[in-house]
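Working notes, beginning with the structure itself.
Counting starts at 1 for both ligands and their atoms, following the listed order.
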Amino acid sequence: MSLHAQQLPQPTQPTPHRPPTLDDELAAEQAHLSDSRAALARMRERAEALFATGDKVAGDRYTAEQLGRHLARRVAELADDPRTPLFFGRLDFGSTTPATTDTSNTATSDLATATDTAATTDLDLTATADTGATADTTPTNTAGTAATTGIEDGDYTEQAASAGYGEHAGRRYHVGRRHVTDEQGEPLVLDWRAPVSRAFYQASARDPQGLAVRRRFGFDNGRLTSFEDEHLDRGEELGTASRILTAEIERPRVGPMRDIVATIQPEQDELVRADLSESICVQGAPGTGKTAVGLHRAAYLLYLHRERLRRSKVLVVGPNRAFLAYIAAVLPALGEVEVEQATVEDLVDRVVVRAVDPPAVAVIKHDARMAEVLRRAVDAYVGESTEPIVVSDGSFRWRIGLEPLHRLVQETRAEQLPYALGRERVRARVVGLLQRQAEARRAESPSEAWLRRMGRSKPVTTFLDAVWPALTPDGLVHALLADPARLAAAADGLLTPAEQTLLTGQDSTPTPTGGGAPGSSRPRSGTKLGRTPKATRWSAADAVLIDEAAGLIERPGSYGHVVVDEAQDLSAMQCRVIARRSEHGSLTLLGDLAQATAPWAATDWRVTLRHLGKPDATVVPLTVGFRVPADVLAFANRLLPSLAVDVPPAESLRRDGVLTVRTVTDLVGATVAEVGAALAHEGSVAVIAADDAVDRLVAALAAAGIETATAADAGGGPRVTVVPATVVKGLEYDHVVVVEPADIVAAEPRGLHRLYVVLTRAVSRMSVLHSAPLPAPLG
Ligand SMILES: Nc1ncnc2c1ncn2[C@@H]1O[C@H](COP(=O)(O)OP(=O)(O)OP(=O)(O)O)[C@@H](O)[C@H]1O
């Protein structure tokens, strides 16, 4: 095993009789990087040239538009960021597929003796030469065609999936962010998602998957500066002891989230490469890479099912704007520019939210029972006709009696179509009956125009409005909240009278638990009902109800795949928002029950998965922490027994962090001083405090000449961010200053869970400042 880290020398050519030195190797790899970058630039130039002339080759406007869109996407996908390595690994397959042996013991002893000495590196080079590789800048796998690599212009071939390792015997592949080919179409860099690249993430000494050597490259600002070889054929394996992995995990965090494509761990890779048809739920402790896994899975699925998912689309759902800004750059860096990102609020934006519900009211509106209340409310609009239909048509009069009308309404109802489709189906059936009469009398089929005219005729519309009136989603919810009798009918046996009162605000029934304290004014729905839906000031929970209503009335569109992050905070009704959008697709659900802070927070993933319409999804734990240093994590984990959730705690890979907990008298002054000290280190600094303390802290830092950013600023601005505790979920900073934990806990019912989130944001150092006693579990 070897690790070589040094500044690159000027490239030297090995003499014919001299075995290549490590410097030669580095120079050769650097040259391969330059060649690959040049090839990528050529690919991009070609795509740009095609884009410029595309409309001339397309036969018609539609084709020109499609082609233009395709080529614009292709140009964006081929963007090259010189700061990120184009490749990060190399696979040298053995010349024959070695038998799988249990080499775990030798691997361990090799690990123990692996040093960065000349002796070891000499051995490595000999071994490399044995596998048929040379220090030449040209990889030996130039015969690696699309068939062997399993990709053809970004599309996956089944043939490759079934191909064994033998197919790659004696070949060498560089693995990187995207596929790069030379002028002849031969691969210079393989996409990390290609089937053959899987060995880079999964091969081990126990199961080398045909690999003789796995090489990882170290980079500094886009410059290749080192490499690390594992001779899997000799039982060598670094695992999480890899210095390149350690350097990546410990690097200072600046700006938005980065991809982890170079260092995806085997258990993460299993999740990333799960089948498109498979919905999975990842229960992962803080910093175990859930978000990273979800985003890489989206990129992987897009690669594997490019055309299908381009049509049906991939959606990433995150908890808030700050989080979406933080993750926004990851997928474009992987060449994926078409994934939609949204909060649940964005998905339910049919109405503008201008009111706030008291928590007790919001809890009812977010409860799964509301789905049934709304379903019944829609159903109640379907009525019975009391009059036959009589339509004048020139000299004819067509008549449909009550009995057939009643039958066709019942038949349509039994079909359980979305309500608006049902209305159109009833209309079509009525027209069908009229058509039959007309045909019998005139002995000819009426025209399309006649059919349309009949369907829109006053008697037919009057009938429809009586038995199946047109409904809008906001109109339905408005009618329900404005009319206690209508709500009572729909909620009978589902909501208590007191709960109904909370929704409509129109009764004197005593409040349920969670309502106002005795003597205080009872909480009322925050909705400010106007005379019409348009004139109503809706709450966020109303928007979710209106989306549910829309799902009952129309047929909603479904994505091919939806990644949902921080899923532990979804209410039953929010789950249903997502379920409607993933009905015909699959889900990647990411979350941590210990970080659940919403009043309706999940305590059991099975329940959440049922609401999401994927009851059989596999729940997979992740427990290796890549963010939070061990000491900091041990401090945060003291809260776990008080959080009433059954989750495995994280184990940190990081031993390097610093935790300080200080009692102070002047909190604001101590915060300013702490931030000043933190700025002496590299990386980002966050001050996290109870929401109502944020303005005061921002002002104090400004007075001390320290400029601050908000969490929604996606990097590039000031290094210090002041973050309200309620916004920090999913984010991370090098140095975190936690101000007055007791206030964070006191600010909300699930304050201890919130504090757990806050205490797990630090990458390198965390300072906890308090003047009040620490919350009991921490003391
Ligand atoms: N395999 C890996 N290699 C390098 N870094 C990794 C790896 N996996 C995760 N990380 C890093 O660890 C940090 C935490 O990852 P991520 O935010 O995905 O964790 P999470 O489980 O979603 O955390 P949270 O529970 O706080 O939302 C990120 O900086 C991520 O880049």
Side-chain angles (χ1 to χ4, degrees), residues 84 88-89 192 200-202 216 218 239-240 242-272 281-298 316 318-320 322-324 326-327 329-331 333-334 563-569 588-597 620-629 632-633 636-637 645 647-654 657 683-684 686 688 723 727-734 736 753-754 756-764:
T84 47
F88 43 78
W192 62 280
F200 183 74
Y201 302 103
Q202 289 285 348
R216 294 178 197 279
T240 53
S242 154
R243 286 194 214 172
I244 285 172
L245 171 66
T246 307
E248 174 57 19
I249 295 171
E250 293 181 359
R251 86 186 145 75
R253 305 306 206 258
V254 186
M257 187 174 187
R258 293 208 322 211
D259 68 70
I260 59 160
V261 70
T263 51
I264 295 173
Q265 294 302 289
E267 65 276 18
Q268 295 176 325
D269 186 65
E270 289 289 346
L271 298 168
V272 167
C281 169
V282 183
Q283 158 58 49
T288 49
K290 298 181 293 296
T291 302
V293 162
L295 295 174
H296 287 73
R297 183 166 190 224
V316 175
N320 54 47
F323 178 84
L324 292 182
Y326 171 63
I327 64 164
V330 174
L331 283 166
L334 296 172
V563 177
V564 189
D565 211 338
E566 307 296 350
Q568 69 279 353
D569 287 313
T588 301
L589 201 66
L590 312 160
D592 178 12
L593 297 177
Q595 296 184 58
T597 51
V620 188
L622 281 182
T623 53
V624 177
F626 297 87
R627 173 198 300 140
V628 191
V632 177
L633 197 60
N637 280 350
V645 283
V647 293
E651 207 188 296
S652 177
L653 270 190
R654 308 191 49 165
S684 54
I688 310 178
V723 198
V727 176
V728 81
K729 206 169 273 182
L731 307 182
E732 64 184 20
Y733 302 88
D734 281 292
V736 170
H753 295 77
R754 182 76 68 193
Y756 180 68
V757 174
V758 169
L759 296 179
T760 51
R761 300 302 103 198
V763 174
S764 303

task = Have a look at Lys729 and tell me which of Asp565, Asp592, Asp569 forms a salt bridge (Lys or Arg N to Asp or Glu O under 4.0 Å) with it.
result =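 Looking at Asp565, Asp592, Asp569, the match for Lys729 under the salt bridge (Lys or Arg N to Asp or Glu O under 4.0 Å) is Asp569.
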Is there a polar contact, in the sense of an N or O pair closer than 3.5 Å, between [X] and ligand 1?
| X | answer |
| --- | --- |
| Leu245 | no |
| Gly287 | yes |
| Gln268 | yes |
| Asp565 | no |

message = At under 4.0 Å between heavy atoms, is it the side chain or the backbone of Thr288 that contacts ligand 1, or both, or neither?
response =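 Looking at Thr288 and ligand 1, atoms from backbone and side chain both fall under 4.0 Å.
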Lys729 contact mode with ligand 1 (heavy-atom cut-off under 4.0 Å) = neither
remark   = Test side chain to side chain contact (heavy atoms under 4.5 Å, CB included), reference Ser684, set Val736, Asp734, Leu731, Val763, output is Asp734
ask   = Could you state the interatomic distance from CZ (Phe323) to OG1 (Thr291), rounded to the nearest 0.5 Å?
value = 4.0 Å
query = Considering Arg654, Glu566, Lys290, which one's heavy-atom position lies nearest to atom 27 (O) of ligand 1?
reply = Glu566
query = Side chains of Glu270 and Gln268: is there a donor and an acceptor less than 3.5 Å apart?
reply =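 Looking only at side-chain atoms, Gln268 and Glu270 do not form any donor-acceptor pair under 3.5 Å.
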query = What atoms of ligand 1 come within less than 4.0 Å of a heavy atom belonging to Ala285?
reply =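 Answer for ligand 1: 21 (O).
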remark   = In ligand 1, the atoms that come under 4.0 Å of a heavy atom of Gly289 are 9 (C), 15 (O), 16 (P), 18 (O), 19 (O), 20 (P), 21 (O)
request  = Give a yes or no answer on whether the side chain of Thr597 reaches the backbone of His753 with a donor-acceptor pair at less than 3.5 Å.
outcome  =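 Answer holds: no.
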